[in-house]
Protein chains: 2
Amino acid sequence: MSDTTQMLKGILDGCLLAIIKEGEIYGYELAAKLESYGFRSLSEGTIYPLLLRMQKEGLISATLRKSTAGPKRKYYTLTEKGEQELDLFIVRWEQVSSSVDNVLSKRGI
Amino acid sequence: MSDTTQMLKGILDGCLLAIIKEGEIYGYELAAKLESYGFRSLSEGTIYPLLLRMQKEGLISATLRKSTAGPKRKYYTLTEKGEQELDLFIVRWEQVSSSVDNVLSKRGI
DNA sequence: AAAGTATATCTTGTATTGCAAGGTATTTAA
DNA sequence: TTAAATACCTTGCAATACAAGATATACTTT
């Protein structure tokens with residue numbers, strides 16, 4: 001297990017939502033995009049199950065499209081529920097990350 | 001389950017290390033300190049098992065002392081290994097949190 | 001003395017989730 | 001026809017926050 005594995009729990013889903021909000025995107029491309037944002041290479045065993053879960057929860061919706069090279073791609077877009085969930089995620093993230101920053105810079109509130 | 005539960009995974013241990021580094025402290029007091037830093041009230045079922053785990057791993061060491069009011073307190077201090085682990089945590093945190101911030105502010109690297 | 005309250009710690013079991021490992025299918029190039 | 005790149009999925013494991021419940025001490029109130 002990677003040393004950042006635990007730290008990614010509960011934030012990956014929000015990050016996926018944020019990226020999908022930027023525009024329709026498929027899983028394989030998403031992995032590359034995450035890396036461009038600074039995440040260490042994430043396994044497909046992480047991303048695909050997560051996308052399926054979020055689709056089941058109605059946060060994203062998918063449509064299959066032919067690819068120029070390779071099998072069909074599954075393009076995802078945000079649902080309205082997904083946008084709401086993203087907003088909630090951002091609130092949670094700001095609350096938690098500022099708390100951690102407070103601890104690390106040793107000042108209470 | 002709280003909405004920030006998953007998000008706390010992999011960061012609580014680092015935060016405890018950072019607080020213990022400030023000075024000897026016991027579990028019950030730690031819970032209050034975390035709240036003062038902005039964390040929502042953390043269960044004792046979270047903190048005590050975590051402290052025991054970190055002690056087992058040799059990151060912190062404990063000594064029992066009498067309390068003025070109540071049962072004995074278990075005071076924790078950082079070991080050298082704990083300081084090293086804290087340093088590693090900070091690197092991980094900065095790597096991950098900046099990645100998330102990149103995603104949320106929609107800019108690649 | 002007895003009962004209640006605040007302090008202080010621990011244990012057991014559950015839910016969630018990242019991820020490794022392995023599998024399948026399609027298109028193009030060597 | 002073989003290889004490589006693309007693209008997706010499934011199963012099972014490991015790690016951890018936390019709810020729920022138990023225990024014990026000291027002080028205060030009745």
Side-chain angles (χ1 to χ4, degrees), chain A residues 1-17 24-35 39-57 59-60 62-76 89 92 96 99-100, chain B residues 1-17 24-35 39-57 59-60 62-76 89 92 96 99-100:
Chain A
M1 254 185 163
S2 154
D3 48 355
T4 54
T5 287
Q6 293 302 321
M7 212 177 258
L8 294 178
K9 293 193 179 183
I11 71 163
L12 268 187
D13 52 353
C15 290
L16 292 209
L17 290 177
E24 211 179 35
I25 195 171
Y26 59 99
Y28 199 77
E29 197 185 0
L30 239 165
K33 197 105 179 179
L34 280 167
E35 215 161 350
F39 287 97
R40 306 247 180 266
S41 60
L42 292 166
S43 159
E44 297 175 355
T46 299
I47 292 173
Y48 289 118
L50 180 49
L51 286 169
L52 290 174
R53 197 193 83 206
M54 293 198 300
Q55 190 182 2
K56 251 178 214 159
E57 288 172 356
L59 305 177
I60 55 180
T63 55
L64 285 173
R65 298 245 186 81
K66 281 182 189 169
S67 163
T68 54
K72 286 182 182 174
R73 294 168 178 167
K74 208 166 169 184
Y75 284 88
Y76 290 98
F89 166 77
R92 285 202 301 273
V96 168
S99 297
V100 175
Chain B
M1 255 185 163
S2 155
D3 48 356
T4 55
T5 287
Q6 294 302 320
M7 211 177 260
L8 294 178
K9 292 192 178 180
I11 70 163
L12 267 187
D13 51 354
C15 289
L16 292 208
L17 289 177
E24 212 180 35
I25 193 171
Y26 59 99
Y28 200 78
E29 198 184 1
L30 238 166
K33 198 105 179 179
L34 280 167
E35 216 160 350
F39 286 97
R40 305 247 180 266
S41 59
L42 291 166
S43 159
E44 296 172 355
T46 298
I47 291 173
Y48 288 117
L50 181 48
L51 286 170
L52 290 175
R53 198 193 81 206
M54 293 198 300
Q55 189 182 1
K56 252 178 213 160
E57 289 172 357
L59 305 177
I60 54 179
T63 54
L64 285 172
R65 299 244 185 80
K66 280 182 190 169
S67 164
T68 53
K72 286 182 182 173
R73 295 168 177 166
K74 207 166 170 183
Y75 284 88
Y76 289 99
F89 166 77
R92 284 200 303 273
V96 168
S99 297
V100 176

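Convention: sequence-line order gives letters A, B, ...; per-chain numbering from 1.
Distances shown here put a side-chain N or O of A:Arg53 below 4.0 Å from the OP1 or OP2 atom of C:dT17. Here A:Ser43 does not reach the OP1 or OP2 of C:dC19: none of its side-chain N or O atoms lies under 4.0 Å away. Considering only side-chain N and O atoms, B:Tyr26 lies nowhere under 4.0 angstrom from the phosphate OP1 or OP2 of C:dT9. Dashed line: the shortest gap from a side-chain N or O of B:Thr5 to OP1 or OP2 of D:dA17 is not under 4.0 Å.
Put simply, CG on B:Leu50 is 14 Å from C1' on C:dC10, counting in whole angstrom units. When rounded to the nearest whole Å, the span between CD of B:Gln6 and P of D:dA14 equals 18 Å. Distance A:Leu51 CG to C:dT17 P: 14 Å, rounded to the nearest Å. For the pair B:Leu52 CG and C:dT9 P, the computed distance is 10 Å after rounding to whole Å. Put simply, NZ on B:Lys56 is 11 Å from C1' on C:dC10, counting in whole angstrom units. Protein atom CD1 of B:Ile47 is 13 Å distant from nucleotide atom C1' of C:dC10, rounded to whole Å. As rounded to whole Å, 12 Å separates atom P of D:dT16 from atom CG of A:Asp3. For the pair B:Leu8 CG and C:dT16 C1', the computed distance is 13 Å after rounding to whole Å.
Distance CG/B:Leu17 to CD1/B:Ile60: 7.0 Å, rounded to 0.5 Å.
Of the candidate nucleotides C:dC19, D:dC9, D:dC18, D:dC18 has the atom nearest to the side chain of B:Leu42. With distances taken from any side-chain atom of A:Tyr28 to the nucleotides D:dT6, C:dC19, D:dA19, the minimum falls on D:dT6. Distances were taken from every side-chain heavy atom of A:Arg73 (C-beta onward) to each of D:dC8, D:dA14, D:dA17; the shortest belongs to D:dC8. Closest contact between the side chain of B:Lys9 and the listed nucleotides C:dT16, C:dC19, D:dA19 involves C:dT16. Nearest nucleotide to the side chain of B:Pro49, out of C:dA8, D:dC18, C:dC19: D:dC18. Comparing atom distances between the B:Tyr48 side chain and each of C:dA15, D:dC8, C:dC10 picks out C:dC10 as nearest.
Under a 3.5 Å cut-off, the side chain of A:Arg73 and the backbone N or O of A:Leu64 do not form any donor-acceptor pair. Formation of a donor-acceptor pair under 3.5 Å by the B:Arg65 side chain with backbone atoms of B:Lys74 is not found in this model.
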Show me the protein contacts with nucleotides 24-30 of chain C, counting only N or O atoms at under 3.5 Å.
from: C:dT27; atom 1: O4'; to: A:Gly70; atom 2: N; distance (Å): 3.4

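Among the heavy atoms of the strands lying under 4.0 Å from A:Gly45 is at least one base atom, whether or not backbone atoms are also near.
With DNA chain D read from its 5' end, the first of the two nearest nucleotides for B:Asp13 and A:Lys74 is the one closest to A:Lys74.
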Step-by-step side chain to side chain contact (heavy atoms under 4.5 Å, CB included) determination, B:Ile11 to A:Val96: CA-CA 10 Å; B:Ile11 70 163; A:Val96 168; 3.6 Å; yes
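The two atoms that bring B:Ile47 and B:Gly27 nearest to each other are CG2-O, 4.3 Å, heavy atoms only. A:Tyr28 and A:Tyr48 get closest at one heavy-atom pair: N-OH, 3.6 Å. Here the shortest heavy-atom pairing between A:Tyr76 and A:Ala62 reads CE2-CB, 3.5 Å.
Residues meeting the salt bridge (charged side-chain N to carboxylate O under 4.0 Å, His left out) test with A:Glu57, sequence neighbours left out: A:Arg53.
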